[in-house]
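Basis for what follows: all heavy atoms, side chains included, without hydrogens, waters or symmetry-related copies. Throughout, a chain's letter reflects where its sequence line sits, starting with A, and its residues are numbered from 1.
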Amino acid sequence: MEVKTKNFKNVLLKWYKRNKREYSWRNDSDPWSIYLLEVISQQTQLSRADKYYKKFIKEFPAPKDMATSSLKKILEMWSGLGYNSRAKRMFESSKIIAEKSFDGLYPDFQQLPGVGPYTENALLSFVYNEKVITEDINVKRIISRYFGVKNPKKFIERFSSLLLKNTESRKLNQALMDFGSIICRPRNPLCLNCPLENSCKKYFNLETKSQEKFFGSNREVRGKLIKILLKKGRLNINTLQQELNTDQEKLDKIIKNLQKDGLVKLNKNNLIDINSS
DNA sequence: ATCCGGAAAT
DNA sequence: ATTTCCGGAT
């Protein structure tokens, strides 16, 4: 398979220079800052994540500041972001980072809970300037459409070194993500204004999984449950059931999962609270 | 393959 | 009313 990347990169980087989204952490290579931003921005628009990032980096300027805090405090600050397990994993990770430091963990950041392939590569690229592609949903979409491949993951495995040759990975990765957000959008991509329109394969067959409805889902109840516990503190499980207006069986399952996630604790007297251990 | 929140955009 | 978001764990 022959692949031309030179024009793709040149046009992309040129576009980026004039159109990039400006954020404070983009010119930052402090690993804790990058880590916080990346965890907060998982499945979250940057415009919204940035506000939370500022709040968190101010409250927890260093890993030890979070490590010595509490889950309740962190969940309160997290409120509105969703996927509360991220906050719990971030809390646990901060303890590990405070003890071992990022340089001590390098390059295997996936040993931190909540850090997977994407976030590891984000740290490697944005902090350590390693030649890796931060393969988020934007990058996959662009690669698939432009190069006409059904499996962008395989493509990147094969051609990442070519893509990053003579190129600062931080710059290319951020260019890809902004381009995917602004021009090569999931719906109604701006092909008419796209500087890569001529050479693009325009492969739009990347199947997207439509997600379960939020209304009436376990996710909705989980979110509400956490919110109630943060507001009212330790609560009897029957009182909680009345507040949530959920049937027993469903609530039992939800609480069981929340316990498994380490977010709540249920004692023998049927009292439930945010996990403080 | 499925679960996991919630706000904003469309 | 539906889709989207700089994913990760099981």
Side-chain angles (χ1 to χ4, degrees), chain A residues 16 20-23 25-26 28 33-53 75-90 92-93 109-127 132-143 152-153 156 169-182 184-190 206-230 250 253-264:
Chain A
Y16 179 63
K20 66 173 167 182
R21 296 179 284 182
E22 297 283 359
Y23 292 108
W25 36 264
R26 282 208 153 156
D28 196 340
S33 302
I34 300 298
Y35 168 79
L36 276 185
L37 183 276
E38 292 300 337
V39 173
I40 291 169
S41 62
Q42 286 168 9
Q43 297 292 287
T44 305
Q45 284 90 347
L46 287 192
S47 53
R48 203 148 50 85
D50 190 52
K51 297 171 189 165
Y52 283 83
Y53 165 75
L75 284 175
E76 279 168 354
M77 291 177 62
W78 193 265
S79 178
L81 271 173
Y83 293 133
N84 290 305
S85 297
R86 283 189 292 162
K88 167 66 173 171
R89 290 169 188 148
M90 180 176 73
E92 297 309 317
S93 287
F109 297 117
Q110 291 195 44
Q111 60 189 289
L112 295 171
V115 173
Y118 166 79
T119 307
E120 175 171 83
N121 277 351
L123 283 166
L124 290 174
S125 174
F126 301 150
V127 177
V132 292
I133 296 288
T134 51
E135 195 182 327
D136 79 326
I137 188 66
N138 292 298
V139 177
K140 287 182 200 166
R141 187 173 59 250
I142 297 168
I143 295 291
K153 182 175 159 63
I156 291 170
S169 76
R170 170 204 294 254
K171 204 171 270 184
L172 184 68
N173 284 324
Q174 293 181 346
L176 282 165
M177 290 190 241
D178 282 2
F179 190 75
S181 173
I182 297 170
C184 200
R185 308 182 299 195
R187 280 183 302 176
N188 309 112
L190 304 181
L206 191 65
E207 65 263 21
T208 51
K209 48 191 176 187
S210 63
Q211 70 167 359
E212 147 202 33
K213 283 189 178 167
F214 179 64
F215 185 75
S217 67
N218 284 359
R219 293 162 58 181
E220 185 188 24
V221 180
R222 278 173 58 112
K224 283 182 179 170
L225 196 159
I226 295 293
K227 192 162 279 185
I228 290 172
L229 288 183
L230 287 176
K250 184 177 176 181
K253 188 182 172 186
I254 288 169
I255 290 176
K256 195 178 167 190
N257 284 331
L258 282 169
Q259 283 183 283
K260 199 165 64 181
D261 290 342
L263 286 167
V264 305

Under a cut-off of 3.5 Å for both distances of each Watson-Crick or G-U pair, what dot-bracket string does DNA chain C give, using [ ] for crossing pairs and | for inter-strand pairs? |||||.||||
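Between A:Tyr52 and A:Trp78, the shortest heavy-atom distance links the atoms CE2-O, 3.8 Å. Considering every non-hydrogen atom in both A:Asn138 and A:Ser181, the closest pair reads OD1-N, 3.7 Å.
Taking a cutoff of 4.0 Å between a charged side-chain nitrogen and a carboxylate oxygen, A:Arg222 and A:Asp261 qualify as a salt bridge. Salt-bridge check for A:Asp178 with A:Arg26: passed, with a basic side-chain N closer than 4.0 Å to an acidic carboxylate O. Here A:Glu220 pairs with A:Lys224 in a salt bridge; the nearest charged N to carboxylate O distance falls below 4.0 Å.
Rounded to an integer number of Å, the gap from CD1 of A:Ile40 to P of B:dG6 is 16 Å. To the nearest angstrom, C1' of B:dC3 lies 14 Å from NZ of A:Lys250. Straight-line distance from the CD atom of A:Glu220 to the C1' atom of B:dA7: 14 Å, rounded to whole Å. Atom-to-atom, CG of A:Leu225 to C1' of B:dG6 comes out at 16 Å; the value is rounded to the nearest Å. A:Arg222 has its CZ atom 10 Å from the P atom of B:dG6, to the nearest Å.
The line from OG of A:Ser41 to CD of A:Glu38 is 4.5 Å long, rounded to the nearest 0.5 Å.
Residue A:Asn84 is in sugar-phosphate contact alone, with no base atom involved, counting any heavy-atom pair closer than 4.0 Å across all strands shown.
Between A:Asn257 and A:Asn188, the one whose closest nucleotide on DNA chain B sits nearer the 5' end is A:Asn257.
A:Thr44 has its side chain out of reach of A:Tyr83: every pair of non-hydrogen atoms, C-beta onward, lies at least 4.5 Å apart. At a threshold of 4.5 Å between non-hydrogen side-chain atoms, the residues A:Glu135 and A:Pro117 do not count as touching.
On the P atoms, C:dC6 is 13 Å away from B:dA9, given to the nearest whole Å.
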Classify every nucleotide of nucleotides 3-10 of chain C by which part a protein heavy atom approaches to under 4.0 Å, writing B for the base, S for the sugar-phosphate alone and - for neither, in 5'-to-3' order. SBBBBSS-
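The closest side-chain donor-acceptor pair between A:Ser125 and A:Asn173 falls under 3.5 angstrom.
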